[in-house]
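Below you'll find the structure, written out as structure tokens, and then a few comments.
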Amino acid sequence: MPPWNYSNQNVLVVGGTSGINRGIAEAFAAAGARVAVASRQQEKVDHTVAALKELTTDVMGFCADVREPQALNSGVQSVHQAWGELDVVISGAAGNFPALATQMSANAFKSVVDIDLLGSFHVAQAAYPVLRKPGASLIHISAPQAHLAMIGQAHVCAAKAGVDMLTRTLALEWADQGIRVNGVLPGPIDDTEGMRRLAPLPEHRQAVIQSVPVGRLGAPADIARACLFLASEQAAFITGAVLPVDGGWSLGGAATIGAVLGESLKSSSDS
Ligand code: HXC
Ligand code: NAP
């Protein structure tokens, strides 16, 4: 029996069809919530919906690119029509690839900012009209790049720093409606697309493990537990916070990723 009870609550996880966000969707489903997931690829949506149906009774999915507000709005409306007001929205769609700032096109920089930052804004705008007032909770998925500069991550650093400020601003703007807005900042999470892109080789993974103060990589369940807490009544006085769930990595060790990327990106740009 999970410690949290989210039965009768409506949860939407944007970007919930793989990795960390899918782990979050599974945790809310295991806690009895109605869970909807959204992302771009129909196949990923279908697989996730099928897997979540093993955990809870009411599950939905829709396809939308967070860069396209119309598709997002109509997906959010379809969840609202089916289940009513949303209690929890997790906003975690993101894109990342390693590239030096001098070697990425303006469109490459823009595509990450558009997905992570503008996409989070679109999710917030689509969700706001159908959030339960009072009581709803919006949680953004941040990253160490939000406050730690990293070589090869200019686009992600700029975008995720913006996401954290969006979290704080919306927390202020929506507090009088009884809506809380927080962020969760994951450390390096094992077996995820993010880690595969930034630390692709076994030696990179090992270097990352050694740079985490608690001595291990995280799991999606570590991040999911923080979301279950932040969205709950237990966190009723918490808004505008960005909670690191990273084994202490963002205190400094996360710079290892920048060093690893710097070495490989600079040596390939010299050759
Ligand atoms: C340089 C690149 C590039 C690369 C793409 N581009 N990959 N530039 N190096 N490796 C450029 C393209 O040439 C293009 O610019 C522009 O970026 C847009 O590329 P598209 O492929 O057209 O974009 P799109 O199909 O919209 O895909 C978005 C994407 C893709 C971000 C590029 O990788 C994606 O969909 N990612 C989602 C999954 C993901 O990244 N998950 C990890 C999240 S982890 P031009 O000028 O040619 O048009 C994370 C934090 C991890 O966020 C932290 C770990 C510690
Ligand atoms: P992931 O598996 O690639 O998850 C990204 C999710 O977002 C997928 O469901 C993807 O599905 C969806 N998505 C991507 N672009 C989208 C778009 N334009 N519109 C709608 N959906 C989109 O990555 P992950 O590594 O688990 O990362 C998940 C979150 O955690 C991200 O916010 C990331 O920044 C953050 N994070 C990750 C780590 C880590 O160690 N992995 C560390 C810190 C922070 P589709 O392809 O179907 O769209």
Side-chain angles (χ1 to χ4, degrees), residues 13-25 37-48 61-69 71-72 75 90-120 122-123 126 139-146 148 150 152-157 159-160 163-164 183-200 204-205 208 211-212 217-220 222-224 227 242 244-247 249-250 253-258 260-261 265 268-269:
V13 185
V14 179
T17 61
S18 60
I20 294 171
N21 304 320
R22 177 160 163 175
I24 296 168
V37 291
S39 78
R40 292 167 300 177
Q41 301 179 58
Q42 186 71 55
E43 203 186 349
K44 285 175 72 173
V45 171
D46 291 345
H47 277 136
T48 305
F62 64 87
C63 268
D65 188 318
V66 292
R67 291 168 288 190
E68 293 165 10
L72 200 55
I90 308 290
S91 183
N96 195 352
F97 48 83
L100 296 173
T102 49
Q103 297 192 345
M104 71 174 86
S105 67
N107 192 44
F109 185 87
K110 182 177 181 298
S111 51
V112 169
V113 172
D114 280 355
I115 298 168
D116 294 23
L117 179 54
L118 191 57
S120 299
H122 289 151
V123 171
I139 298 177
H140 289 132
I141 305 302
S142 181
Q145 287 90 330
L148 199 64
M150 287 184 202
Q153 292 285 276
H155 44 359
V156 178
C157 291
K160 290 288 191 178
V163 169
D164 281 5
V184 170
L185 187 159
I189 306 302
D190 207 5
D191 198 21
T192 57
E193 189 58 26
M195 277 292 284
R196 279 187 281 280
R197 289 178 182 223
L198 299 193
H204 297 156
R205 184 174 176 277
V208 171
S211 68
V212 181
L217 299 177
D222 289 309
I223 309 308
C227 293
V242 180
V245 183
D246 66 352
W249 200 51
S250 59
T256 301
I257 282 279
V260 164
L261 292 176
L265 291 169
S268 62
S269 81

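Whatever order the structure lists them in is the order used to number ligands and atoms, beginning at 1. Please read all numbers here as calculations on a predicted model, not as lab measurements.
- Taking every non-hydrogen atom of Lys44 and a distance limit under 4.0 Å, the qualifying atoms of ligand 2 come out as 8 (C), 10 (C), 11 (O), 45 (P), 46 (O), 47 (O).
- Between Arg40 and Arg67, the closest side-chain pair of non-hydrogen atoms falls below 4.5 Å.
- Residue Ile24 forms a side-chain contact (heavy atoms from CB on, under 4.5 Å) with just one option from Ile223, Ile139, Val184, and that option is Ile223.
- With hydrogens and angles disregarded, a donor-acceptor distance shorter than 3.5 Å links the side chain of Asp116 to the backbone of Gly95.
- Both the backbone and the side chain of Arg40 come within contact range of ligand 2, each with a heavy atom under 4.0 Å.
- Taking atom 18 (N) of ligand 2 as the reference point, the nearest protein heavy-atom neighbour is Asp65 OD1, 2.9 Å.
- The distance from ligand 2 to the heavy atoms of Thr192 drops below 4.0 Å at these ligand atoms: 25 (O), 39 (C), 40 (O), 41 (N).
- Counting only heavy atoms of the protein, atom 35 (C) of ligand 2 lies nearest to Ile141 CG2, 3.7 Å.
- Put simply, the side chain of Asn21 reaches to within 4.5 Å of the side chain of Ile141, judged on heavy atoms.
- The closest side-chain heavy-atom distance from Lys44 to Ser18 is below 4.5 Å.
- Under 4.0 angstrom from ligand 2, the non-hydrogen atoms of Asn21 all belong to its side chain.
- Nearest-residue assignment for atom 44 (C) of ligand 2 (options Ser142, Gly218, Ala146; heavy-atom criterion): Ser142.
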Working for side chain to side chain contact (heavy atoms under 4.5 Å, CB included), residues His140 and Val123 | CA-CA 10 Å; His140 289 132; Val123 171; over 6 Å; no
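- Atoms of ligand 2 found under 4.0 Å from any heavy atom of Met195 (numbered from 1 in listed order, with element): 40 (O), 41 (N).
- Remark: minimum distance from atom 3 (O) of ligand 2 to any protein heavy atom is reached at Glu193 CB, 3.4 Å.
- A heavy-atom distance below 4.5 Å is not found between the side chains of Val37 and Phe62.
- Note: Ser142 OG to Asp246 CG = 10.0 Å, rounded to the nearest 0.5 Å.
- How far CD of Glu43 is from OG1 of Thr48: 10.5 Å, rounded to the nearest 0.5 Å.
- Residue Arg67 touches ligand 2 through its side chain alone, judged by heavy-atom distances below 4.0 Å.
- Here the heavy atom of the protein found nearest to atom 22 (C) of ligand 2 is Ala93 CB, 3.6 Å.
- Among all non-hydrogen protein atoms, the one lying nearest atom 34 (O) of ligand 2 is Lys160 NZ, 3.0 Å.
- With rounding to the nearest 0.5 angstrom, the NZ atom of Lys110 is 11.0 Å from the OG atom of Ser105.
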Just list the N/O pairs, ligand 1 to protein, that are under 3.5 Å apart, with the distance for each.
{"from": "ligand 1", "atom 1": "15 (O)", "to": "Ser105", "atom 2": "OG", "distance (Å)": "3.3"}
{"from": "ligand 1", "atom 1": "26 (O)", "to": "Arg67", "atom 2": "NH1", "distance (Å)": "2.8"}
{"from": "ligand 1", "atom 1": "26 (O)", "to": "Arg67", "atom 2": "NH2", "distance (Å)": "2.9"}
{"from": "ligand 1", "atom 1": "33 (O)", "to": "Arg197", "atom 2": "NH1", "distance (Å)": "2.7"}
{"from": "ligand 1", "atom 1": "35 (O)", "to": "Arg40", "atom 2": "NH1", "distance (Å)": "3.0"}
{"from": "ligand 1", "atom 1": "35 (O)", "to": "Arg40", "atom 2": "NH2", "distance (Å)": "3.0"}
{"from": "ligand 1", "atom 1": "40 (O)", "to": "Asn96", "atom 2": "N", "distance (Å)": "2.9"}
{"from": "ligand 1", "atom 1": "40 (O)", "to": "Asn96", "atom 2": "O", "distance (Å)": "3.4"}
{"from": "ligand 1", "atom 1": "40 (O)", "to": "Arg197", "atom 2": "NH1", "distance (Å)": "3.2"}
{"from": "ligand 1", "atom 1": "46 (O)", "to": "Ser105", "atom 2": "OG", "distance (Å)": "2.5"}
{"from": "ligand 1", "atom 1": "48 (O)", "to": "Asn107", "atom 2": "ND2", "distance (Å)": "2.9"}

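- Under 4.0 Å from ligand 2, the heavy atoms of Pro188 that appear belong solely to its backbone.
- Only the backbone of Ala64 comes within 4.0 Å of ligand 2, counting heavy atoms alone; no side-chain atom from C-beta on gets that close.
- For the residue pair Thr17 and Ser39, a side-chain donor N or O sits within less than 3.5 Å of a side-chain acceptor on the partner.
- Less than 4.0 angstrom separates some heavy atom of Thr17 from each of these atoms of ligand 2: 8 (C), 9 (O), 11 (O), 47 (O).
- Using a 3.5 Å distance cut-off with no hydrogens or angles, the side chains of Asn96 and Gln153 do pair a donor with an acceptor.
- In the vicinity of Gly194, heavy-atom distances shorter than 4.0 Å reach the ligand 2 atoms 25 (O), 41 (N).
- Near Ala143, meaning under 4.0 Å from one of its heavy atoms, ligand 2 places the atoms 43 (C), 44 (C).
- Nearest protein neighbour of atom 19 (N) of ligand 2, counting heavy atoms only, is Val66 N, 2.9 Å.
- Taking the side chain as every heavy atom from C-beta outward, Val245 and Leu185 never approach each other to under 4.5 Å.
- Using a 4.5 Å heavy-atom threshold, the side chains of Gln145 and Leu198 count as touching.
- Contacts of Ile115 with ligand 2, taken as heavy-atom pairs under 4.0 Å, involve the side chain alone.
- For the atom pair Leu72 CG and Cys63 SG, the distance stands at 12.0 Å (nearest 0.5 Å).
- Checked against a 3.5 angstrom limit, the closest N/O atoms of Gly92 and ligand 2 fall inside it.
- Here the side chains of Val208 and Met195 are in contact, with some heavy-atom distance below 4.5 Å.
- Scanning the protein heavy atoms around atom 40 (O) of ligand 2, the nearest turns out to be Ile189 N, 2.9 Å.
- Considering backbone and side-chain N/O atoms, Ala38 never comes within less than 3.5 Å of an N/O atom of ligand 2.
- If you check each of Ile223, Asp114, Ile20 against atom 37 (C) of ligand 2, the one with the closest non-hydrogen atom is Ile20.
- Ranked by closest heavy atom to atom 6 (C) of ligand 2, the top entry among Gly15, Pro244, Gly187, Ala25 is Gly15.
- Around atom 45 (P) of ligand 2, the closest heavy atom drawn from Ser39, Gly19, Gly119 belongs to Ser39.
- Ligand 2 lies out of reach of Arg197, whose nearest heavy atom is not under 4.0 Å from it.
- Of all protein heavy atoms, the one closest to atom 1 (P) of ligand 2 is Ser18 OG, 3.5 Å.
- The aromatic rings of Phe109 and His155 sit parallel, their planes meeting at an angle under 30°, below the 60° perpendicular limit.
- Between the SG atom of Cys227 and the CG atom of Asp222 there is a distance of 11.0 Å, given to the nearest 0.5 Å.
- Counting heavy atoms from C-beta outward, Ser120 and Val66 have side chains that stay 4.5 Å or more apart.
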